[in-house]
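Written below as structure tokens is the structure these notes are about.
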Amino acid sequence: MSDTPTNVVESRASTGSFTGQTPYSAWMQTDALHSLQRTVSDHPGEHAWITHVQVSELYWMLIIKEIRTAQGFLRADNLRQAYRTLLRVVAHQEPLQAIWRSIDWMTPTDLLAILSRAVATYGKDTALQGWTYRQMVYLLGIKQPQHLEHFKPQPQRWAQLNQALSEPSLYDDVLACFSRIGMNVPKALLERDLSAPYTPSKEVEKLWRDIYADPDGNVELQQLGETLADIAEGFSQWKHRHLMATRRTFGARPAYFGTEGVAWLVPTMDEIPFPELWSARTFIGDPPPVCPHMAGRRS
Ligand code: HEM
């Protein structure tokens with residue numbers, strides 16, 4: 001099973017015409033696409049819920065594909081094309097944030113009317129069983145092996161995620177590329193067990209600090225750093241929208257694990273990709289000794 005199907009359609013000349021289709025419907029697979037919303041309730045808002053989640057799934061997969069493309073460029077030391085590809089990831093994160101608006105109308109009564117029917121139809125579930133999101137998170141370098149357990153009922157997806165866990169993340173490829181172009185990335189970090197959670201390194205923090213030390217030097221690397229920061233921020237913004245939607249529709253109810261759902265989610269807000277890119281900022285730039293907004297109020 002491929003996680004990134006690329007069903008390249010053979011040309012019409014070799015396969016005959018697409019009977020009963022227009023070129024648009026054949027290419028965009030609109031009949032198949034619109035057959036995919038199977039409601040479980042008679043709540044009129046369930047279509048909005050399913051559309052929101054399915055569109056999110058599509059964008060997560062798109063982001064996975066883009067990150068893998070960027071990794072290919074990084075492995076070829078082509079920083080410029082890696083940067084261009086990662087700009088597209090930043091762009092794709094925008095619709096992921098925006099579509100939360102289309103389910104903000106939900107009250108707890110609305111959500112529970114739909115979820116109770118989903119549980120009755122398919123059994124108790126958790127969104128942690130979504131493999132696309134988890135694969136994206138692994139590619140962003142947040143390697144948490146404990147989440148694999150949710151995929152035991154889907155052995156092929158379990159195997160796919162287990163492999164993704166042990167493969168280089170985007171950040172691993174950035175650091176490996178930095179090492180190849182002569183920067184001081186610790187050898188032990190490059191050769192570590194990639195399936196284990198990442199431990200931030202002082203040497204990598206210093207490396208980012210040095211990249212930003214001269215605003216006019218290392219421009220290409222600074223642009224890459226800022227694009228990674230945009231991606232990390234987009235990821236955190238999605239988590240914030242999700243957390244607020246949970247507060248709004250679920251309150252302090254216990255969720256899948258029996259613990260309060262919000263209490264489970266809040267600590268995950270600190271899971272921010274590319275940690276040294278953030279921690280290095282404490283040491284970048286000539287400091288005003290306090291917050292710049294306070295400067296005028298001193299003396
Ligand atoms: C608005 C109603 C929603 C509520 C009340 C809610 C609740 C929760 C809760 C409590 C968790 C923690 C794990 C658990 O206990 O199951 C969770 C995780 C998650 N949910 Fe939702 N959720 C909502 C909507 C959504 C939607 C619409 C999506 C997808 C577009 C989604 C995707 C996820 C993902 C990916 C996780 C894992 C987060 C992580 O690992 O940090 N959720 N959700």
Side-chain angles (χ1 to χ4, degrees), residues 62-63 65-97 136 139-142 168-192 194 198-240 269-299:
L62 181 57
I63 288 171
K65 288 174 181 167
E66 300 281 28
I67 291 178
R68 285 178 155 178
T69 302
Q71 287 178 298
F73 284 126
L74 287 167
R75 288 171 199 178
D77 297 334
N78 188 340
L79 280 170
R80 192 161 295 172
Q81 288 302 332
Y83 165 67
R84 284 191 70 200
T85 309
L86 293 175
L87 284 179
R88 292 205 296 270
V89 174
V90 178
H92 303 326
Q93 287 175 316
E94 284 297 315
L96 271 169
Q97 324 295 6
M136 179 185 73
L139 278 173
L140 290 175
I142 301 173
S169 70
L170 171 62
Y171 198 43
D172 292 322
D173 276 311
V174 168
L175 296 180
C177 178
F178 283 179
S179 170
R180 285 192 302 276
I181 61 176
M183 302 176 86
N184 182 25
V185 182
K187 196 162 175 276
L189 186 147
L190 294 171
E191 291 173 359
R192 74 188 197 287
L194 297 177
Y198 181 83
T199 307
S201 129
K202 279 288 164 201
E203 285 95 334
V204 174
E205 183 182 86
K206 180 174 178 309
L207 187 152
W208 282 116
R209 191 195 68 187
D210 293 348
I211 286 174
Y212 282 87
D214 173 8
D216 297 323
N218 296 319
V219 172
E220 209 174 33
L221 296 182
Q222 290 188 32
Q223 282 176 333
L224 178 69
E226 289 308 280
T227 306
L228 291 174
D230 281 341
I231 291 172
E233 203 167 327
F235 177 69
S236 295
Q237 279 168 4
W238 184 91
K239 287 174 81 72
H240 179 69
M269 296 299 295
D270 282 336
E271 292 164 2
I272 302 174
F274 326 129
E276 298 94 338
L277 181 60
W278 296 95
S279 65
R281 281 158 203 261
T282 313
F283 312 105
I284 294 170
D286 289 331
V290 293
C291 167
H293 299 293
M294 299 292 286
R297 297 196 211 159
R298 278 185 295 141
S299 85

* To do: Taking the side chain as every heavy atom from C-beta outward, state whether Ile272 and Phe235 have any pair of such atoms under 4.5 Å apart.
  => no

* Exercise: do Thr227 and Asp230 side chains pair donor with acceptor under 3.5 Å -> no

* **Main-chain N/O of Gly234 paired with Gln97 side-chain donor or acceptor, under 3.5 Å** => yes

* Asked: Does NZ or CZ of Arg281 come closer than 6.0 Å to the centre of the six-membered ring of Tyr212, within 45° of the ring's axis?
  -> yes

* With respect to Ile211, which candidate in Asn218, Leu277, Leu224, Val219 satisfies the side-chain contact (heavy atoms from CB on, under 4.5 Å) definition? -> Asn218

* To do: Answer yes when Arg68 and Asp173 have at least one side-chain N-carboxylate O distance shorter than 4.0 Å, and no when they do not.
  => no

* To do: Taking all heavy atoms of Thr85 and all of Ala70, pick out the closest pair and write down the distance.
  => CG2-N, 3.8 Å

* To do: Measure the CG-OH distance between Leu228 and Tyr83 for me, rounded to the nearest 0.5 Å.
  => 11.0 Å

* Measure the shortest side-chain to side-chain distance between Glu276 and Tyr198 over non-hydrogen atoms and say whether it is less than 4.5 angstrom. => yes

* Asked: Are Arg180 and Asp77 close enough that some pair of their side-chain heavy atoms sits under 4.5 Å apart?
  -> yes

* Structure fact -> Taking every heavy atom of Ala229 against every heavy atom of Trp278, the minimum-distance pair comes out as O-CZ2, 3.6 Å

* Asked: Does a salt bridge link Lys202 with Glu205, judged by any charged N lying under 4.0 Å from a carboxylate O?
  -> yes

* To do: Using a 4.5 Å cut-off on heavy atoms from C-beta on, say whether the side chain of Leu190 contacts that of Ser179.
  => yes

* Step by step, work out the salt bridge (charged side-chain N to carboxylate O under 4.0 Å, His left out) result for Asp270 and Lys239. => CA-CA 10 Å; Asp270 282 336; Lys239 287 174 81 72; over 6 Å; no

* Over 12 non-hydrogen atoms of neighbours within 6.0 angstrom of CZ in Arg80 -> no

* For the residue pair Pro168 and Arg75, establish whether any side-chain heavy-atom pair is separated by less than 4.5 Å. => yes

* Mind checking whether Leu194 and Ser169 have side chains closer than 4.5 Å, heavy atoms only? -> no

* In terms of ring plane angle, is the pair Tyr171 and Phe274 parallel, tilted or perpendicular, where the classes change at 30° and 60°? -> tilted

* Asked: With distance as the sole test, does Thr282 use its side chain to make a donor-acceptor pair with the main-chain N or O of Ser279 at under 3.5 Å?
  -> yes

* So do the side chains of Leu139 and Leu170 get within less than 4.5 Å of each other, counting heavy atoms only? -> no

* Please tell me if the side chains of Phe178 and Val204 come closer than 4.5 Å, counting only heavy atoms from C-beta onward. => no

* List the atom of Pro186, the atom of Glu203, and the distance in Å for their closest heavy-atom pair. => CG-CB, 3.6 Å

